[in-house]
Protein chains: 2
Amino acid sequence: MTTLSKRDRLIEAAKVMFYQQGVTSSTLADIAQQAQVPLGNVYYHFRTKDSLVEAVLNTHVQELQAVFASWNCSPDPRQRLLSLLASSRDQENILARYGCPHGSLCQELDKENSPLVAIASHIFQVYLDWAETQFHQLGLDEQEAKDCAFDLISSLQGAFLLTNSFRSPTMLERKLQRLEAWIHAL
Amino acid sequence: MTTLSKRDRLIEAAKVMFYQQGVTSSTLADIAQQAQVPLGNVYYHFRTKDSLVEAVLNTHVQELQAVFASWNCSPDPRQRLLSLLASSRDQENILARYGCPHGSLCQELDKENSPLVAIASHIFQVYLDWAETQFHQLGLDEQEAKDCAFDLISSLQGAFLLTNSFRSPTMLERKLQRLEAWIHAL
């Protein structure tokens, strides 16, 4: 952690705290302490909490794009879609405890009437665009690929929410198996 | 509103504020002001904010059960399921602005490690049990009815979240039409 710049340490600490306890409940002072950065220095990097939230959102987008890029090395779009489900399976326990780091962050910010809402929605746009491309490459026409992308991403988000609410990784596992069967049958 | 007791006015005001700005951002003082109840009186009815949150959750459960009971007057389980989609359609604009009052409340509370999480999940249990009953009455076997109930409720929750994030009622409308087609085809 000490190899990261103070700015990156703040973003990383904020990302974890926003995920585990929510944006509103995470103070700049708590984040600074977690990042081992003096509170006075925080304002040098992020003049407002919103600018830190924006940096966390942009980090999520970049990390998501990097993950999708790594899966795009596979020549088979079906296999890439299955990679998304496999990665959810790898995270079942933490998803059941804290929900989706992207979905829960968007949900919280969506209550606000600020430019952050549009920035947050960029995360979902990255998911939808990537999934649409895979379905299209599987041979579905434009509208079908768009609909299937929405079905997949919204199904996962809904499943993460219910799984989190019931603290039930097995609930998510059942849904992932059914989504896998659907993708194999396409 | 003045015909409601102070306790009910507090619950109603809290319900709206939790929905529109989230639980963490809603102070007891703001809720008291909104309910036109002196702050000193709040503590007589709700000694802690958690006890007010619990009352709001129980109110959501009761209201949801009342809505489902009203739909159960229809003899056709398919029609009852379509009523759930129709009611979402009636709320498209507000769902696109604030998300689902149940889903967003659960999402926010799920970050916590308190007894409220289990009480919140009761809302989803009411949805799942009701939907499972309808699918079962449509002739699906026990496991299929359970899976379809999870598919329907999680699909709606995911769609509400994306719709809210993109502030797009038309995104929800498209999904509702596809869910209607699925239910007609069962």
Side-chain angles (χ1 to χ4, degrees), chain A residues 17-26 96-100 102-113 117-125 127-128 143 146-168 171-172 174-175 177-179 182, chain B residues 17-26 96-100 102-113 117-125 127-128 143 146-168 171-172 174-175 177-179 182:
Chain A
M17 294 190 80
F18 292 169
Y19 180 39
Q20 294 184 349
Q21 59 190 50
V23 175
T24 312
S25 301
S26 303
R97 175 57 190 87
Y98 295 111
C100 172
H102 306 139
S104 60
L105 182 54
C106 287
Q107 182 89 263
E108 186 177 0
L109 295 174
D110 286 347
K111 296 289 182 198
E112 298 183 21
N113 195 7
V117 176
I119 300 170
S121 73
H122 193 198
I123 298 180
F124 283 139
Q125 196 62 59
Y127 272 108
L128 291 172
Q143 185 61 56
K146 206 176 182 70
D147 286 339
C148 283
F150 188 87
D151 287 351
L152 177 62
I153 303 307
S154 61
S155 287
L156 280 174
Q157 284 299 325
F160 295 153
L161 175 54
L162 268 69
T163 293
N164 185 20
S165 202
F166 288 105
R167 299 281 196 265
S168 169
M171 190 175 256
L172 178 56
R174 175 83 191 154
K175 182 67 186 178
Q177 287 173 9
R178 285 160 52 75
L179 287 170
W182 169 59
Chain B
M17 294 191 79
F18 292 169
Y19 180 39
Q20 295 185 348
Q21 59 190 51
V23 175
T24 312
S25 301
S26 303
R97 176 57 191 88
Y98 296 110
C100 173
H102 305 138
S104 60
L105 182 54
C106 287
Q107 182 88 264
E108 187 177 0
L109 295 174
D110 286 347
K111 296 289 182 199
E112 299 183 20
N113 195 6
V117 177
I119 299 170
S121 74
H122 193 198
I123 297 179
F124 284 138
Q125 195 62 60
Y127 273 108
L128 292 171
Q143 185 61 55
K146 206 177 182 68
D147 286 339
C148 284
F150 188 86
D151 288 351
L152 177 63
I153 303 307
S154 61
S155 287
L156 281 174
Q157 284 299 325
F160 295 151
L161 175 55
L162 268 69
T163 293
N164 184 20
S165 201
F166 289 103
R167 299 280 197 265
S168 169
M171 189 175 256
L172 178 56
R174 176 83 191 152
K175 181 67 186 179
Q177 287 173 9
R178 286 160 51 75
L179 286 170
W182 169 59

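Lettering follows sequence order; numbering is per chain, from 1.
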Test item: A:Ser121 side-chain N/O and A:Ala118 main-chain N/O as donor-acceptor pair under 3.5 Å:
yes

Mind ranking A:Ser155, A:Gly103, A:Cys106 by heavy-atom pairs under 4.5 Å with chain B and telling me who comes out on top?
A:Gly103

Which portion of B:Gln143 sits near chain A, non-hydrogen atoms under 4.5 angstrom:
side chain

Segment of B:Tyr19 engaging chain A (4.5 angstrom heavy-atom cut-off):
both

Quick one: are A:Trp182 and A:Leu152 in side-chain contact, heavy atoms under 4.5 Å?
yes

Heavy atoms of B:Lys175 and B:Ala159 approach each other most closely as CG-CB, 3.9 Å

Region of B:Leu109 in contact with chain A, defined by heavy-atom distances below 4.5 Å
neither

Heavy-atom proximity to chain A below 4.5 Å, by part of B:Glu112:
backbone

Contact class of B:Glu108 relative to chain A, heavy atoms under 4.5 angstrom
neither

Given that the side chain runs from C-beta out, which part of B:Arg97 has a heavy atom under 4.5 Å from chain A: side chain, backbone, both or neither?
both

For the student: nearest non-hydrogen atoms of A:Ser104 and B:Gln107, plus distance:
CB-OE1, 3.4 Å

Considering only heavy atoms, which portion of B:Phe150 lies under 4.5 Å from any heavy atom of chain A: side chain, backbone, both, or neither?
side chain

